[in-house]
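The structure under discussion appears below in the form of structure tokens.
These numbers come from a predicted model, not from an experiment.
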Amino acid sequence: MNIALLGFGVVCSGVYEILKTLPEYNVTKILIRNPAKKTMDCMTLDFADIENDKAIDLVVEAIGGLHPAREYILASLNAKKHVVTANKAVVAAYFEEFVAAAKENGVKFMVEATSGGGIPWIKNLQRVGRIDDVTSLHGIMNGTSNFILSAMTSEGKDFDDVLKAAQELGYAEADPSADIDGDDVRNKCAISASIAFGCPVDVNSILQSGIRYITKADIDWFKENGLVCKLFATAKREGDKFDAVVEPVLLCCDTVEANVPKNYNITCLYGETIGEVKLYGQGAGGLPTGNAIVQDIIDINTGNAFDISFDKTLIKTEAVTGRYYLRIPAGIDCYKDILRDVIEKEEASENSTVVITKEVTPAKIHQLTDKEKSVFIARFV
């Protein structure tokens, strides 16, 4: 099988190293952007060299972002080349379009590496879906945020100090917004729910809250109450309705998810006959993510690849509910009006007020966080 790589960063370098050990797979073209980094004859600056090469069977896309990734993926599919991608942002935004183009051209579009790094998450969603309806999924799907929360909990450090350490270790980018604000998890949640429910889930319909405003005082409160905070993707399906949300959650300290350390991920699904399944492993990194891509390549080459199909039409509803913890900085009083009918308890201090709510939908809570960004929230699960 002849393969082209779009990009040669951490992920595609990992793919290249793994493929070198498999003689039946041959990397014939590598698209790069910087001519100064052209170190091999197979490297090119022109995507047309790949698009028009009829000998290329499969394209791996890992350049990131929406554009020109969307255009490259569509052009490859329309040139009747299989596509394997690790780009969760472009898949979440254009999933339905890519699936339709692959079907029209009789090729495969594979996305294992978009969600969960080296964890075989997407394939297991598809396997379970052959027998069961997957009615719910949840998980820790971002290594950076989990590293930060784990270190704050185990070491008692402030958010800024832990974020700096994560950046120095290479776990967090110079601009960590996508990780700490939940954008990365929301993309993975949309992709996972689309696969699980057989219906394209609009990423913009998923309510989202991150960990940017968590403090040591929050972590101390959680410890005192036997709780651990994690950033979760959650999606549920009930008949022809579904819901999905990304936000911090509070777990009893003896649960499996509460004890996922450092930059590891865990993904969980529920099916009627199989029950609950949990998958644990490295959620990112060149070789784990490269492994997921190569697994997709092998499945395509051996005829074992699952087809992605969107054969259901589901209605977005409010299926996710829970009690919430909110820490509201001093001077923000609008919460009293927004949450008036759902406040269960308040604990005021000099700098903030902790509010515990009754059972409520995320939409109600997000009325406040959309208005006041510095409010930290976490849902009890």
Does the distance from a Lys or Arg side-chain N to an Asp or Glu carboxylate O, for Lys108 and Asp296, drop under 4.0 Å?
-> no
With a cut-off of under 6.0 Å to the ring centre and 45° to the axis, is Arg237 in cation-pi contact with Phe242?
-> no
With a 4.5 Å limit on heavy-atom distance, are the side chains of Leu22 and Ile298 in contact?
-> yes
Non-hydrogen atoms of Gly64 and Ala69 that approach each other most closely | O-CB, 4.1 Å
Presence of salt bridge, Glu17 and Lys20, under 4.0 angstrom | yes
Picking from Glu247, Glu344, Lys358, Lys364, what satisfies side-chain hydrogen bond (donor to acceptor under 3.5 Å, both in side chains) with Tyr324?
-> Glu247
Does the side chain of Asn265 come under 3.5 Å of the side chain of Gln282 through a donor N or O and an acceptor N or O?
-> no
Check: Val201 main-chain N/O paired with Ser194 side-chain donor or acceptor under 3.5 Å | yes
Do the numbers put Arg327 on top of the ring of Phe376, so that NZ or CZ is under 6.0 Å from the six-membered ring centre and no more than 45° off the axis?
-> no
Asp41 atom CG, neighbour heavy-atom count above 12 within 6.0 Å | no
Do you know the tightest heavy-atom contact between Asp179 and Asp184?
-> OD1-CB, 4.0 Å
Indicate whether any N or O donor in one side chain lies under 3.5 Å from an N or O acceptor in the other, for Arg379 and Thr321.
-> no
Heavy-atom closest contact (Ser150 atom, Lys230 atom, distance) = OG-NZ, 3.2 Å
Mind listing the closest non-hydrogen atom pair of Ile30 and Val27 along with its distance?
-> CG1-CG1, 3.8 Å
Electrostatic pair Lys278-Glu276, nearest N-O below 4.0 angstrom = yes
Does a donor on one side chain sit under 3.5 Å from an acceptor on the other, for Asn142 and Ser145?
-> yes
Taking side chain as C-beta onward, heavy atoms only, is Cys229 less than 4.5 Å from Met152?
-> no
Do Asn146 and Asn263 have a side chain donor and acceptor closer than 3.5 Å?
-> no
Partner of Phe380 by side-chain contact (heavy atoms from CB on, under 4.5 Å), out of Ile356, Asn225, Val249 | Ile356
Quick one: CG on Leu326 to CD1 on Ile365, what's the gap to the nearest 0.5 Å?
-> 5.0 Å
Test ring pair (Phe, Tyr, Trp, His ring centres under 6.0 Å) applied to Phe310 and Phe95, step by step | CA-CA 10 Å; Phe310 297 135; Phe95 205 176; 5.2 Å; yes
Measure up the Tyr325 and Trp221 rings against each other and bin them: parallel (under 30°), tilted (30 to 60°), perpendicular (over 60°).
-> tilted
Could you tell me which non-hydrogen atom of Trp121 sits nearest to which non-hydrogen atom of Cys268, and how far apart they are?
-> CH2-O, 3.3 Å
Is Asp243 salt-bridged to Lys316, going by a charged N under 4.0 Å from an acidic O?
-> yes
Inspect the surroundings of CD in Glu272 and state if more than 12 heavy atoms from other residues, nucleotides or ligands are less than 6.0 Å away.
-> no
Minimum heavy-atom distance Ala196-Leu125, with the two atoms named = CB-CD2, 4.0 Å
Output yes when Glu51 and Lys81 qualify as a salt bridge under the 4.0 Å nitrogen-oxygen rule, no when they do not.
-> no
Under a 4.0 Å N-O cut-off, is there an ion pair linking Asp220 with Lys216?
-> yes
Return yes when atom NZ of Lys312 has more than 12 non-hydrogen atoms of other residues, nucleotides or ligands closer than 6.0 Å, and no otherwise.
-> yes
Ignoring hydrogens and geometry, is there a side-chain-to-backbone donor-acceptor pair from Asp181 to Asp183 under 3.5 Å?
-> no
